[in-house]
Amino acid sequence: MYTDILTRIELKLEELVNAVTTSKYNPFYYHGALPQFYLWVLFLSGLLLFAYYIPVIDSAYDSSRIINAWTSVEYITKTIPFGAVIRAIHRYAGDAMVIAIVLHALRVWFTDRYRQYRWVQWISGVVLLVAVLFIGQTGYYLVWDDRSLLLTRMTASSFEALPLVGQALKTWFLNGADITNFTMVNFLFIHIGLSFALLFGLWIHYVRMQRPVITPPPVMNYILVAILLFFVALFPITSGPMANLTQQPTSFDVDWFFLWPYVLMAGMPLSVYWLTMITGTVFFAALPWVFVKNEPIETAEVVIDKCTGCNLCSVDCPWAAIEMVPAPAGSRFKLLATVKPYRCTGCGVCVGACAFDAIDLPDLPDANVMAQIKALASA
Amino acid sequence: MSKFLPIILVAFFSLVCLSMALLMPWAELGFPEPLPQLTKLRQALAVQLPGASDPQVFVYYVYSFFLGLALLSAAVGLWLEGREESEEKTILPVKK
């Protein structure tokens, strides 16, 4: 099946990277931890930007001394020490997080780790990705330059085009009928509030994992930050001209990580756009049930006569698929291991953990595995 | 020679990290030029890095560039130092 080919390609790539980095520093083994690390960078840099950001849109025509979102961003960039660097770190960490999430999703998909018991992780991951993309887009609104104005108007129009809920959604988005200071406050609330809601979503994403790896090693953290800093120095971030509500911008520079939906929006009718986005999202969320493997997973089986109830297999199982229950009457031991077939992925960690040969995979008995290892070792 | 190579490499990357760490305050102080080599370095940075048109902000971009180099060299040094013990070794059980 094509998933076996993808798994083989993935494992071969990991093997090649291992030869250079060793397994301790192979980024493939921290594919979930990388987006998590960038999230912390975004929180920290965002906090520093928030300290000086002013969420209002009053323009040059209202007063002689302009204090608004655009001028506060310019103040951060040009006057606050390291303001330009923090702003650029925030922007590039967002882009890097999207790349890391997509690579994480691809690895999970290629290594077949989204099925059966792990559907919760997959669906929560799709929801988290949609939330991250929307948070990133609100970040572009907050700069309040020409691009922000055009993106705001495009988003409001796209919401309005939805049947039944369109007008209510537009009013919620703009925090009123038109673009006002309340709109900017709303954008800031969405940008920050939804970011904190990500933490709750991540709890759901992790809760079914026995030992999730969510922190890369320090060496990897240094490299991740160094990459960000190189981008900051080589590609400084600047704003476009201040947004002017009396004008209608018609084009903008596209950040392909966050603003690709607007390219689609500009290129097709809004009904087709929403159909594409909704069906695409539903398709990816439903992936665990779309491609179903024909052969069932071989779950581990406990050999009741040999099990001593030592608990090692239950402790070691990465999927919490082994439960210790009271041993049957007449047994010498207090506890007995039982396998929950729905959670078992057939990984074999329990077989390695057991010191009494009391658990086995049906189609991969110990004797066969030992024979293969001896043949390889002597070759 | 091969026994000393990891030590030499770690020492090299440590020196690079230290040098970058010393260049960071040099950038933040506005590129003072007590040495002619530093003048040449400042001129090369002004050509290579794009933020030079705004001198007030340029110092921070150069600072972040040197910080990135310091972190990268520290990471490479740490990776080299821990490489041997991080390699997976296959230990075959001996039948007694």
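Protein chains get the first letters and strands the later ones, always in sequence-line order, with residue 1 at the start of each. In this text, all values refer to a predicted model and were calculated from it rather than measured experimentally.
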Legend entry - Taking every non-hydrogen atom, the tightest pair across A:Val143 and A:Arg87: CG1-NH2, 3.8 Å
Inset, instruction - Please state whether the side chain, the backbone, both or neither of B:Phe66 comes within less than 4.5 Å of a heavy atom of chain A. - result: neither
Inset, instruction - Side chain from CB out, backbone as N, CA, C, O: work out which of these in A:Ile237 comes under 4.5 Å of a heavy atom of chain B, or both, or neither. - result: backbone
Legend entry - Most contacts with chain A, counted as non-hydrogen pairs under 4.5 angstrom, among B:Ala70, B:Gly68, B:Gly77, B:Ala74: B:Gly68
Inset, instruction - Taking all non-hydrogen atoms of both residues into account, name the closest pair between A:Leu259 and A:Tyr140 and its distance. - result: CD2-CD1, 3.9 Å
Legend entry - Heavy-atom pair of closest approach, residues B:Phe58 and B:Gly51: CD1-C, 3.4 Å
Legend entry - Which atom of A:Tyr30 lies closest to which atom of A:Pro216, heavy atoms considered: CD2-CA, 4.0 Å
Legend entry - chain B interface, residue from A:Ala88, A:Pro81, A:Ala84 that has the most non-hydrogen pairs under 4.5 Å: A:Pro81
Legend entry - Donor-acceptor pair, side chain of A:Ser72 and main chain of A:Tyr53, under 3.5 angstrom: no
Legend entry - Top of B:Val57, B:Val62, B:Val76 for chain A proximity - count of heavy-atom pairs under 4.5 angstrom: B:Val57
